[in-house]
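This report refers to the structure that appears directly beneath it.
Numbering of ligands and ligand atoms starts at 1, following listing order.
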Amino acid sequence: MRLLILSDTHANLTALDAVLVASEGQWNRVACLGDVVGYGPDPNEVIDRIRGLNAATIRGNHDKTGSGLESAEAFNPMARDAAMWTRDQLRPENREYLEKLPAGPLIADGVTLVHGAMLDEDEYIFAAPQALDSLIEATTPLTFFGHTHIQGGFILRESTNQVEAVAVRPVADQKIFTVTIEPAATYLLNPGSVGQPRDGDPRAGFAIVDLDAKTVEFWRVAYEVRAVQNRMIDAGLPGPLVTRLGLGR
Ligand code: ZN
């Protein structure tokens, strides 16, 4: 059983389609960690695609604000503008789809899915000390999280009782790094962001878990960023959001 793990697609259809082409034939089922929409120019198209994949999907903060389930007041002005634009674009059935997405944690195919953290879907986990609570609360060896848009994650080994970072080593190849799942350890792993990476690499990030081989593959795939930027400009989305997509920041 191989699971394709997607997160933070952020209404970027070109990136999502590049991921689906690159991973074709490589997985049996799909899980999605939320922020399906927000920032990007293709909210309806990306929702349609995710729904078509029959993905086990939880909500992210941008799904709550984009659907109107939550106010965008707490967002910075650019994210708020993009959330309001998204709200205007959504077809009624897609708005309803976002509204009804469950909050994490959700267990699907033996792995746990959260958007931010185990106890708070909106919390950011950037560093090992912040990962400890989620690792202790986990009831499955593998938990996947998103929200930070940074590929990588954390491991808690029973032998040391210490949280350590799981580094992913970027190389030019598509399949960037394979982590072998150790026994007697708990993992909190971020597949990276499909639609708006923020770790300095603008290529779309995702992961594939092989539950039989006990591996997690962290992938990066190049896509036509310029095409997405042009659609963002045409839609009147904020300029800095257009720029950051090309930088992976
Ligand atoms: Zn996000």
Side-chain angles (χ1 to χ4, degrees), residues 5-16 19 30-43 45-47 49-50 55 57-87 89-90 94 97-99 101-106 113-118 120-126 130 134 143-153 188-207 218 220 223 225 228 232 237-238 240-249:
I5 312 284
L6 307 175
S7 190
D8 297 279
T9 50
H10 281 293
N12 183 337
L13 184 68
T14 309
L16 177 57
V19 166
V30 187
C32 176
L33 310 177
D35 278 5
V36 176
V37 302
Y39 299 130
D42 318 303
E45 293 82 354
V46 167
I47 293 172
R49 198 69 98 237
I50 298 278
T57 305
I58 55 170
R59 69 188 188 187
N61 48 322
H62 285 264
D63 304 320
K64 290 189 283 185
T65 52
S67 67
L69 199 61
E70 199 165 84
S71 156
E73 285 301 304
F75 277 10
N76 67 55
M78 280 183 300
R80 197 183 312 142
D81 283 356
M84 293 306 146
W85 180 86
T86 301
R87 234 179 251 185
Q89 300 297 311
L90 286 176
N94 281 344
Y97 169 78
L98 291 182
E99 277 171 2
L101 283 177
L106 175 76
L113 316 176
V114 301
H115 182 65
M118 193 70 77
D120 180 352
E121 62 183 338
D122 296 330
E123 184 186 335
Y124 289 92
I125 297 176
F126 287 108
Q130 300 166 321
S134 293
T143 297
F144 287 91
F145 74 108
H147 201 33
T148 62
H149 301 202
I150 294 170
Q151 199 171 44
L188 183 66
L189 299 174
N190 191 321
S193 168
V194 172
Q196 200 204 70
R198 289 181 195 160
D199 46 14
D201 181 346
R203 296 177 299 170
F206 64 100
F218 292 90
R220 287 316 263 262
Y223 70 96
V225 175
V228 185
M232 292 174 79
L237 285 161
L241 294 180
V242 177
T243 306
R244 79 185 302 182
L245 208 59
L247 303 173
R249 290 286 181 197

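Asp201 has no carboxylate O lying under 4.0 Å from a charged side-chain N of Arg249, or vice versa, which leaves the two without a salt bridge.
With a cut-off of 2.8 Å, the Zn ion (ligand 1) has no N, O or S atom of His147 in range. At least one N, O or S atom of His10 sits under 2.8 Å from the Zn ion (ligand 1).
Nearest to the Zn ion (ligand 1), among the N, O or S atoms that Asp35 has, is OD2.
Classified by interplanar angle (parallel below 30°, tilted 30° to 60°, perpendicular above 60°), the ring pair His149/His10 is tilted.
His149 contributes NE2 and Asp8 contributes OD1; the angle these two atoms make at the Zn ion (ligand 1) is 90°, rounded to 10°.
Annotation: the span from Leu13 atom CG to Arg49 atom CZ amounts to 5.0 Å, rounded to 0.5 Å.
The only member of Asn94, Ile50, Leu6, Val194 that meets side chain to side chain contact (heavy atoms under 4.5 Å, CB included) when paired with Val36 is Ile50.
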